[in-house]
**Q** 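Mind looking over this structure? Questions follow.
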Amino acid sequence: MKAKNRKVVLIGAGMVGMSFAYQLYSSGLCEELGLIDFFPEKAEGEAMDLNHAGALVPPIKVTSGGYEQCADADVIVICGGLPQKPGETRLQLVDKNIKVVKDMADKIKTSGFDGVIVIASNPVDVLTNALQKFTGFPKNRIVGSGTTLDTSRLRYMVGDTLNIAPNAVRGYIMGEHGDTQFAAWSNVYVYGKPIEKYLETSDKLNKDELKKIEERVMRAAYEVINRKRATYYAIGISLLAIVKAILRDENTELAVSGYCDGQYGVKDLYIGVPAIIGREGVREVVEMELSKDELEKMQHSAGVLRKTLNDAYKVVE
């Protein structure tokens, strides 16, 4: 995909979408941002609100309207769909949101769009798989937000425990963006040292604490939703990181819902994995060496997603 005018279109102007849009608007990453929402007046109002700060940010034009805005876009970001409610798992959203994604896919194809689509709607791994099937677009050009946010949560929580900067922690949450995710501890590093080695000298971290952190990461969205009914700031920033990597052709490594064709023993499925992200979307899935236990967790997560996906397709057949 060759950049045209660095245009991004956001589908879904709710709290997640607009948290992303607000970050993008002031970033200088693109010259045009198009907004689409089920409620057109909502998108129009959001465009007006952002444009009113035009004298204070790098030049950018914000528009609202229909799917015709997608025709010349470089990236589409999908945040539309029903949100997760208190006590509800992400996978419980699938029957509702797969119908929404099917409708979006049909309209995106009709528009003539030929760029990269990033989707954050939940359950994101299931809907990433469905979006690729419905559009028929090349698999590398469909990217789910996957475990980008979960990975940031992991790095933040380890860093917070050790009183060090989160970016001094390297590692990934893999698998479903949901209850079957897992921390790939065998590939977590602190200041360049494997975390297993770090445990030998740390008085703040031990294996029991790592298990607690992994559980806290998995439960993080539930805890936020219980308190404020939704999560949106952190996922908005996560989406900005993915879109930035695409628009700037960064070829950087992020934990997204990427298509696996045998990596980690997973075939023909989008799931949370580290991947190189650039102009064409996913350049490649990074296959790290996981422990036997981690591989089993990955394959279990894939099995849960595959069953959910197969059941979901029956809803739109």
Side-chain angles (χ1 to χ4, degrees), residues 7-27 29-30 32-53 60 62-67 69-70 73 75-108 117-128 130-131 142-146 148-150 152 177-178 220-243 256-257:
K7 178 179 179 180
V8 175
V9 170
L10 168 68
I11 301 175
M15 291 301 296
V16 171
M18 292 314 300
S19 294
F20 159 72
Y22 176 75
Q23 296 282 333
L24 182 70
Y25 179 75
S26 60
S27 70
L29 278 173
C30 64
E32 189 171 351
L33 170 61
L35 304 180
I36 300 172
D37 194 80
F38 182 77
F39 300 99
E41 286 190 353
K42 172 74 161 64
E44 184 179 15
E46 296 288 7
M48 292 169 64
D49 197 3
L50 287 174
N51 278 325
H52 292 168
I60 180 171
V62 185
T63 60
S64 65
Y67 283 77
Q69 296 178 98
C70 299
V75 182
I76 292 174
V77 176
I78 297 178
C79 297
L82 296 170
Q84 188 177 355
K85 297 177 181 177
E88 187 175 36
T89 69
R90 296 178 182 94
L91 290 183
Q92 288 173 325
L93 293 170
V94 65
D95 288 354
K96 308 168 189 175
N97 281 343
I98 197 167
K99 295 176 182 177
V100 175
V101 167
K102 176 68 165 63
D103 181 64
M104 291 175 182
D106 292 342
K107 292 174 179 175
I108 289 169
I117 303 178
V118 179
I119 180 168
S121 306
N122 277 316
V124 67
D125 304 285
V126 172
L127 296 182
T128 305
L131 182 63
I142 304 291
V143 185
S145 57
T148 305
L149 173 52
D150 307 286
S152 180
H177 174 56
Y222 298 118
E223 296 300 328
V224 174
I225 290 169
N226 287 341
R227 288 162 174 79
K228 53 177 275 189
R229 303 194 65 81
T231 66
Y232 36 87
Y233 296 133
I235 183 59
I237 294 173
S238 300
L239 287 169
L240 182 70
I242 297 170
V243 170
V256 299
S257 189

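Since we're looking at a predicted model, the values are computed, not measured. Only heavy atoms go into these numbers, but all of them, side chains included; no hydrogens, no water, no symmetry mates. The chain is numbered in sequence order, starting from 1.
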**Q** Closest approach of Ser121 and Leu127, non-hydrogen atoms and distance?
**A** O-CD1, 3.5 Å

**Q** Are the side chains of Val243 and Phe20 in contact, using a 4.5 Å heavy-atom criterion?
**A**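 In contact.
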
**Q** side-chain contact (heavy atoms from CB on, under 4.5 Å) with Val118: which of Thr128, Val75, Val8, Leu10?
**A** Val75

**Q** Can you tell me how far SG of Cys30 sits from OH of Tyr25, rounded to the nearest 0.5 angstrom?
**A**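 Spacing of OH (Tyr25) from SG (Cys30) equals 11.0 Å.
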
**Q** Would the distance check show the side chain of Asp125 and the main-chain N or O of His177 forming a donor-acceptor pair, the cut-off being under 3.5 Å?
**A** yes

**Q** Write out all pairs satisfying side chain to side chain donor-acceptor pair (under 3.5 Å) with one or both partners inside residues 12-23, taking only residues at least two apart or from two chains.
**A**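 Checked against side chain to side chain donor-acceptor pair (under 3.5 Å) - neighbours excluded - no pair reaches residues 12-23.
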
**Q** Minimum heavy-atom separation for Ala21 to Leu50, with atom names?
**A** CB-CD1, 4.5 Å

**Q** Hey, what do you get for NZ (Lys228) to CE (Met15), rounding to the nearest 0.5 Å?
**A** 7.0 Å

**Q** Which distance, rounded to the nearest 0.5 Å, do you find between the CG of Leu24 and the CD1 of Ile60?
**A** 5.5 Å

**Q** As an exercise, state the distance from OG1 of Thr148 to CD1 of Ile235, rounded to the nearest 0.5 Å.
**A** 7.0 Å

**Q** How many angstroms lie between CG in Leu35 and OG1 in Thr63, if you round to the nearest 0.5 Å?
**A**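 Leu35 CG to Thr63 OG1: 6.5 Å, rounded to 0.5 Å.
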
**Q** Applying side-chain contact (heavy atoms from CB on, under 4.5 Å), run through Leu29 and Leu240 and close with a yes or a no.
**A** CA-CA 9 Å; Leu29 278 173; Leu240 182 70; 3.7 Å; yes

**Q** Tell me whether Tyr232 at atom OH has more than 12 heavy atoms from other residues, nucleotides or ligands lying less than 6.0 Å away.
**A**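 Buried by this count: over 12 neighbours within 6.0 Å.
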
**Q** Does anything in residues 37-53 form a side chain to side chain donor-acceptor pair (under 3.5 Å)? List the pairs, not counting sequence neighbours.
**A**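 For residues 37-53, and leaving out neighbouring residues, the side chain to side chain donor-acceptor pair (under 3.5 Å) pairs sorted by first residue read Lys42-Glu46.
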
**Q** Please find the pair of heavy atoms, one from Thr231 and one from Ala221, that lie closest to each other, and give the distance.
**A**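 Taking every non-hydrogen atom into account, CG2-O, 4.0 Å.
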
**Q** Are Asp103 and Lys99 within salt-bridge range, i.e. N to O under 4.0 Å?
**A**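 No.
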
**Q** Taking all heavy atoms of Cys79 and all of Val16, pick out the closest pair and write down the distance.
**A**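 Answer, listing the atom of Cys79 first, then Val16: SG-CG1, 3.8 Å.
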
**Q** Mind listing the closest non-hydrogen atom pair of Gly144 and Val256 along with its distance?
**A** O-CB, 3.3 Å

**Q** As a test of understanding, state which of Ile78, Val77, Ile117 forms a side-chain contact (heavy atoms from CB on, under 4.5 Å) with Ile11.
**A** Ile78

**Q** Mind running side-chain contact (heavy atoms from CB on, under 4.5 Å) on Ser152 and Ile237 for me, showing each step along the way?
**A** CA-CA 10 Å; Ser152 180; Ile237 294 173; over 6 Å; no

**Q** Would you indicate whether the side-chain heavy atoms of Lys7 and Gln69 approach each other to under 4.5 Å?
**A** yes

**Q** Provide the closest heavy-atom pair for Ser64 versus Ala47 in the form atom of the first, atom of the second, distance.
**A**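 Looks like CB-CB, 4.2 Å.
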
**Q** Atom CD1 of Ile119 and atom CD1 of Ile142: how far apart are they, to the nearest 0.5 Å?
**A** 8.5 Å

